[in-house]
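Notes follow the structure.
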There are 2 protein chains.
Amino acid sequence: MQDIIKELLQPNGSKIILCVLDGLGGLPLNGKTELEAASTPNLDELARRSACGLHVPVAPGITPGSGPSHLGLFGYDPLKYEIGRGVLEALGLGLELSRNDLAIRGNFATIRYEGNRPIVVDRRAGRIPTEENKRITKEIRKKVKTIDQVEVSITSGMEHRFVLVLTFPEPLLVGSHDISDTDPQREGLSPLRPLARRKEADRVVSVVDSLIDKINHVIKDEAAANYILLRGFSVYPKLPTFSEAYGLKAAAVAVYPMYRGVARLVGLKDLDVKDSTINSEIETLRQHFDEFDFFYFHVKKTDSYGEDGNFDGKVKVIEDFDCCIPDIISLKPDVFVVTGDHSTPAIMKSHSWHPVPFLLYSSKNRGVHVSGFSERECLKGELGIFRAIEAMPLILSNAGRLQKFGA
Amino acid sequence: MQDIIKELLQPNGSKIILCVLDGLGGLPLNGKTELEAASTPNLDELARRSACGLHVPVAPGITPGSGPSHLGLFGYDPLKYEIGRGVLEALGLGLELSRNDLAIRGNFATIRYEGNRPIVVDRRAGRIPTEENKRITKEIRKKVKTIDQVEVSITSGMEHRFVLVLTFPEPLLVGSHDISDTDPQREGLSPLRPLARRKEADRVVSVVDSLIDKINHVIKDEAAANYILLRGFSVYPKLPTFSEAYGLKAAAVAVYPMYRGVARLVGLKDLDVKDSTINSEIETLRQHFDEFDFFYFHVKKTDSYGEDGNFDGKVKVIEDFDCCIPDIISLKPDVFVVTGDHSTPAIMKSHSWHPVPFLLYSSKNRGVHVSGFSERECLKGELGIFRAIEAMPLILSNAGRLQKFGA
């Protein structure tokens, strides 16, 4: 579909804001979802003047991670474009990646030897404190710098987690990341050697092989974190940018590294935000409103509270966002969308597959009556239930940026 | 999907009428869409006894031209089958085409020479009167008859427009129309030479090259129309007929050449209609009702008034059509559908992407209550929002013409 969209683009001066409240969709507790329990006079009023519906992030019944769900909303088929775990983790730590980079998720683990045979005793090295992790990665950084012209960079995550980025002197081949994990997934087994599942991965595997041995040698005398387990070998996915795909000069207002990273993946300029409050994000939006055609505006905490099972916390974030609606409207966007990337019902304490409320405000709506902004009201809206990848064409049309298809 | 449908076909004596009110879907003016503003007691009564819904002509957010939107309703994926601009224009002028024909849209233009270099001064030759156009094409017809065994046929359109049909002695190769336009799209530039974008187009390009020079020579002394600009090189698309795809003996009741042409493309017999009134179309339908299984019944003016921004005019055509409903019902069709090919909201003065109301009357409905026939009421109907290409399977099933899929 992006091929067709590209043919139909007609630039105009219209402004688009896509607000993504992470994990917005919910399930009822005592009869009301988080969105229904929240007092949202501004969103309700907006919904009454908007085209409403629900989007299915990837496919019915599929619970998406943040990567696929954002790709979908941005109009990239998440079943076609995959963001590998290593890349996602690297983006989450705020790392910049290029087409020459291979990203890998790693765990520090504890092993003991049975004869010459290493056996995993603890896949997470007793969840060592993050400070310990930092000390050890610093040590590794000092001693393992390059392997066969490939630059090695290790970055600490929380507890036992880290990310390795291997920077090759040349762009990586397609398929070069198709490598099996070394984590055996169960204690009592030996770590696995990385295996190339495609010929194109041979070069990478030989580098990774040496790397594992070198790092394990550096940390062999650590009490807990005396071995590394690797998985999620992945390369920077080659995505058309928003400029290429939609002719949009686009920016991201987001605070969390992973979302800034996903936004950069599709060519959005990640704007600086003073602190992690919604008000500061609004301030950034206002400051840069003249410079861009399209703004992705991300609110994280709806999802965080959902994951924590904190129903009231999620309600409160929705209410805080509601208070900012007049500020956003005062910028006079031509198209203003409020939705989530997926559902994170507090009662499930996790992402879920449930369709996500979607509100599209523009001058081209039929005006089908809904009484407010919620999962159940959106079901009555004129957009019905649709796939997330259909959102961008709808947004572009409402912004007057698409010509007619065929004569 | 057409492959599966074909396997499941079971002929029976059922009769189907598909009424397409061109550009039927609308947007509210003073709170009501055209369909809501129209007094349509018959359609409302019918809707209450029908399965209602809204169809998306091509894909969400995509505004279709008449070609793709008709293909979709007829069950042919408009993203797979493309009707080129030249072919559509030729069909619009009532020309018959075959697999040996290449159709091209042309403009008469005004050029002047800077040295040997032709510069386009007016891409539309000052929009010469249609009568002038006719005089000039007659002259060309006299002097340019064949080029390298290819028959040349030129037909006047309105003002500066014409269509060229090149009839080759052999069926054209796939890809033979993949030729770049000669219209530079801006005044002050030189006309372009036609270029083959694929090897298969080489033969056609050499013919077109000579043709351009010959025609330009004939008209070189005209005051305004002294040059031709060509675009939309296209060949007759190879579509399965209604008989092949659906086992239906099918006919078209349509007045405008383009719609008769699109109908012929899918093997519909285009019946003669005395004049362009809806009553005459009904008369044709009645006369031939025994001869065919399926009737495509087209009403053009809803779209024309929509394009003109004439809200009341569009309302009036809908009301005129409503008056004919009892006549159609009296023929006792087994399946009777009323819908549009796309939306043409008068307030937008153009086609749009909005879903189109759809009413399917048969004896196999659930009877979900809607209070009348309109965009907003259809949203409550049992068919929901669906893609236009799904209409034909629904129609065939309701007509008892599809067997069970699988055991």
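Labels below follow one simple rule: chain letters A, B, ... track the order of the sequence lines, proteins then strands, and each chain is numbered from 1. The structure presented is a predicted model; accordingly, all values stated were derived computationally and were not measured.
For chain B, the nearby part of I5(A) is the side chain; its heavy atoms alone come within less than 4.5 Å. Residue contact with chain B, scored on non-hydrogen atoms closer than 4.5 Å, is absent for I385(A). Only the side chain of M1(A) comes within contact range of chain B, judged by heavy atoms closer than 4.5 Å. For a residue to count as touching a neighbouring chain, one of its non-hydrogen atoms must lie under 4.5 Å from one of that chain's; by this rule P355(B) touches chain A with backbone and side chain alike. Contact of M258(B) with chain A is not made at all, since no heavy-atom distance falls under 4.5 Å.
When G92(B), G67(B), P345(B), P60(B) are compared by the number of non-hydrogen pairs under 4.5 Å with chain A, P60(B) comes out ahead. Listed options I347(B), I83(B), L79(B), L54(B) were ranked by heavy-atom pairs under 4.5 angstrom with chain A; first place goes to L79(B).
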Please tabulate, one pair per line, the N or O donor-acceptor pairs under 3.5 Å between chain B and chain A.
{"from": "G26(B)", "atom 1": "O", "to": "R366(A)", "atom 2": "NE", "distance (Å)": "2.8"}
{"from": "G26(B)", "atom 1": "O", "to": "R366(A)", "atom 2": "NH2", "distance (Å)": "3.4"}
{"from": "G61(B)", "atom 1": "O", "to": "S397(A)", "atom 2": "OG", "distance (Å)": "2.2"}
{"from": "T63(B)", "atom 1": "O", "to": "F405(A)", "atom 2": "N", "distance (Å)": "2.6"}
{"from": "G65(B)", "atom 1": "N", "to": "F405(A)", "atom 2": "O", "distance (Å)": "2.7"}
{"from": "S66(B)", "atom 1": "N", "to": "A407(A)", "atom 2": "O", "distance (Å)": "2.9"}
{"from": "G67(B)", "atom 1": "N", "to": "A407(A)", "atom 2": "O", "distance (Å)": "2.8"}
{"from": "S343(B)", "atom 1": "OG", "to": "R366(A)", "atom 2": "NH2", "distance (Å)": "3.2"}
{"from": "H354(B)", "atom 1": "NE2", "to": "K364(A)", "atom 2": "O", "distance (Å)": "2.6"}
{"from": "P355(B)", "atom 1": "O", "to": "R366(A)", "atom 2": "NH1", "distance (Å)": "2.8"}
{"from": "P355(B)", "atom 1": "O", "to": "R366(A)", "atom 2": "NH2", "distance (Å)": "2.8"}
{"from": "R376(B)", "atom 1": "NH1", "to": "R366(A)", "atom 2": "O", "distance (Å)": "3.2"}
{"from": "R376(B)", "atom 1": "NH1", "to": "G367(A)", "atom 2": "O", "distance (Å)": "2.7"}
{"from": "R387(B)", "atom 1": "NH2", "to": "E390(A)", "atom 2": "OE2", "distance (Å)": "2.6"}

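Closest heavy-atom contact between F405(A) and P68(B): O-CG, 3.4 Å.
For the atom pair CD1 of I62(B) and CG of L402(A), the computed distance is 5.5 Å after rounding to the nearest 0.5 Å.
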